[in-house]
Amino acid sequence: MRKKWIAAALSAVLTFTALPVSALAEHEKDLEKVTLNEVAHSIFYAPQYAAIELGYFEEEGIDLTLVTGFGADKTMTALLSGEADIGFMGSEASIYTYVGGSENVPVNFAQLTQRAGNFLVAREEMPDFQWSDLIGRDVLGGRNGGMPEMVFEYILRQNGIDPSEVNINQGIDFGSTAAAFSGGQAEFTVEFEPGATTLEKEGAGYVVASLGTDSGYVPYTAYCAKTSYLEEHRDTIQSFTNALQKGMDYVNTHTPEEIAQVIAPQFAETDPETLTAIVTRYYEQDTWKENLIFEESSFDLLQDILADAGELEDRVPYESLVTTDFAEKAAEMKMNK
């Protein structure tokens, strides 16, 4: 009798536990596969990682594969070749592609960051730093035509300094400048995180200015997809944008400590204290938008920066490279909750 009861109980348990597994398998089968190529893997993009770690993409029916391109040129190449469905990078890349005559031009549908994400690091503490202090000094900069370098030069011009008055080294690969600076090259370096904080922790440098603060609200990074993909996968793009909006809502309603804890699995090589410090730095400079709408005024400012840098001769129509339909719908869903 006891054996029959155990067998019956075991059968019931197996039946009960099998149902969720089956349902889960069915759910996974229904998910839309999307490959996202990001320009870099950076804490700067915290809302995206919050959306990943909190399961928001799965909630919206998306099975997301994240690939790091290590440069806007590589990310754009992956997008144009079809290796990626969505690209995440500086929107200057889509402008360059449009000017180059691409027919299936990538269109920006969601803006993530509204501040530059890099910092000026000096060898010594400079509590009274002025941008004019860079005149005649050696600075490790960014790639010619890339957003980090263009924003840096834009700030110099805004402060009455011609970039030619500063000895800017643009010959070091992205991601290698912190090591070069630590090794003794230059007097200043323009660094993303975790490079800036790492240099400070090592005692090799000190953050003396935020390019994000001093450049103002700049549409630094956005998501784009080829025109054909947007037309053929509108529901997928909408679901993707909805998930991002949820990630944006999370970072705008939680503390840096909570954000750092959530995105920690994405940055296993970074200790919790450093991760929290970096999130706090970005949080305090108002890095992330409340919504994902890429406004025309932001696009105009981006083109001002490109023109100032000598990278753009003729203006590109906003309507040709930006759509706000998906971001507006995502924002409406947020308001209607």
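Reckoned from all heavy atoms, side chains included, excluding hydrogens, waters and symmetry mates. Bear in mind the structure is a predicted one, so any value in this text is a computation, not a measurement.
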Exercise for the section: Report the C-alpha separation of T35 and E83 in whole Å, then their side-chain angles, then the decisive distance to 0.1 Å, and conclude whether the side chain to side chain contact (heavy atoms under 4.5 Å, CB included) test is met. Expected result: CA-CA 8 Å; T35 299; E83 291 180 23; over 6 Å; no
Exercise for the section: Would you please test M89 and C224 for side chain to side chain contact (heavy atoms under 4.5 Å, CB included) and show each step? Expected result: CA-CA 8 Å; M89 68 200 100; C224 64; 3.7 Å; yes
Problem - Audit row: S132, Q130, side-chain hydrogen bond (donor to acceptor under 3.5 Å, both in side chains) steps and yes/no - result: CA-CA 5 Å; S132 57; Q130 302 291 323; 5.5 Å; no
Exercise for the section: In sequence, state the C-alpha distance, the side-chain angles, and the governing distance for V251 and T287, and then conclude on side chain to side chain contact (heavy atoms under 4.5 Å, CB included). Expected result: CA-CA 10 Å; V251 300; T287 293; over 6 Å; no
Practice task
Decide salt bridge (Lys or Arg N to Asp or Glu O under 4.0 Å) for R315 and D304; before the verdict, give the C-alpha distance in whole Å, the side-chain angles of both, and the deciding distance to 0.1 Å.
Solution key: CA-CA 9 Å; R315 297 279 169 150; D304 288 342; 2.7 Å; yes
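Side-chain polar atoms of T177 and E191 form a donor-acceptor pair below 3.5 angstrom. T255 and E258 share a donor-acceptor pair across their side chains, judged by distance under 3.5 Å alone. Checking Y250 against E53 by side-chain atom types alone, no donor-acceptor pair falls below 3.5 Å. Looking only at atom types and distance, the side chain of T113 has a donor-acceptor partner in the side chain of T221 under 3.5 Å away.
With hydrophobic clusters built from ILVMFWY side chains whose heavy atoms lie under 4.5 angstrom apart, Y98 shares a cluster with F109. Tracing side-chain contacts under 4.5 Å through hydrophobic residues (I, L, V, M, F, W, Y), one never reaches L301 starting from Y217; they form parts of separate clusters.
A distance-only check finds no donor-acceptor pair linking the side chain of N159 to the backbone of I161 [under 3.5 Å]. Although no hydrogens or angles enter the test, the distance criterion places a donor-acceptor pair under 3.5 Å between the side chain of N252 and the main chain of K289. Side chain of N104 to main chain of S228: a donor-acceptor pair is present (N/O by atom type, distance under 3.5 Å, no hydrogens or angles). Here the side chain of Y282 pairs a donor or acceptor atom with the backbone of G117 at under 3.5 angstrom. Between the side chain of E149 and the backbone N or O of G146 there is no donor-acceptor pair closer than 3.5 Å. Side chain of Y49 to backbone of S42: a donor-acceptor contact under 3.5 angstrom is found. Checking side-chain atoms of Q114 against main-chain N and O of D286 turns up a donor-acceptor pair under 3.5 Å. Side-chain atoms of Q111 never come within 3.5 Å of backbone atoms of L292 as a donor-acceptor pair (strictly under, hydrogens ignored). Between the side chain of E60 and the backbone N or O of Q238, no donor-acceptor pair lies under 3.5 Å. Without hydrogens or angle criteria, S182 side chain to A178 main chain gives no donor-acceptor distance under 3.5 Å.
Cation-pi geometry between R137 and F188 is not met at under 6.0 angstrom from the ring centre and within 45 degrees of the axis. A cation-pi arrangement is absent between R123 and Y206, since the terminal nitrogen or guanidinium carbon is not both under 6.0 Å from the aromatic centre and inside a 45° cone about the axis.
Legend: ring pair (Phe, Tyr, Trp, His ring centres under 6.0 Å) pairs involving residues 142-167, not counting sequence neighbours: none detected.
Using a 4.5 Å heavy-atom threshold, the side chains of L134 and L120 count as touching. Between L302 and I95 the shortest side-chain heavy-atom distance falls below 4.5 Å. At least one side-chain heavy atom of I172 sits less than 4.5 Å from a side-chain heavy atom of Q185. Residues L36 and L64 are in side-chain contact: their nearest non-hydrogen atoms beyond the backbone lie under 4.5 Å apart.
With a 6.0 Å radius and a threshold of 12 heavy atoms from other residues, nucleotides or ligands, E269 has its CD atom above the threshold. Within 6.0 Å of CD in E319 there are more than 12 heavy atoms belonging to other residues, nucleotides or ligands. Within 6.0 Å of atom CD in E328, more than 12 heavy atoms from other residues, nucleotides or ligands are found, so the atom counts as buried in its surroundings. Under a cut-off of 6.0 angstrom, the local environment of CG in D235 is sparse, with at most 12 non-hydrogen atoms contributed by other residues, nucleotides or ligands. When the shell of 6.0 Å around CD of E103 is examined, it contains 12 or fewer heavy atoms from other residues, nucleotides or ligands.
Between L112 atom CG and Q48 atom CD the span is 7.0 Å, to the nearest 0.5 Å. Atom CD of E92 is separated from atom CG of L312 by 11.5 Å, given to the nearest 0.5 angstrom. Note that CG of D138 is 8.5 Å distant from CG of N169, once rounded to the nearest 0.5 Å. The OG1 atom of T75 lies 9.5 Å from the CZ atom of F70; values are rounded to the nearest 0.5 Å.
A salt bridge links R234 with D325: at least one charged nitrogen is closer than 4.0 Å to a carboxylate oxygen. Look at R281 and E200 and you find a salt bridge, because one of the NZ, NE, NH1 or NH2 atoms lies within 4.0 Å of a carboxylate O, short of that distance.
For the ring-ring contact (aromatic ring centres under 6.0 Å, His included) test with Y223, the passing option among Y45, F240, Y229 is F240; the others fail.
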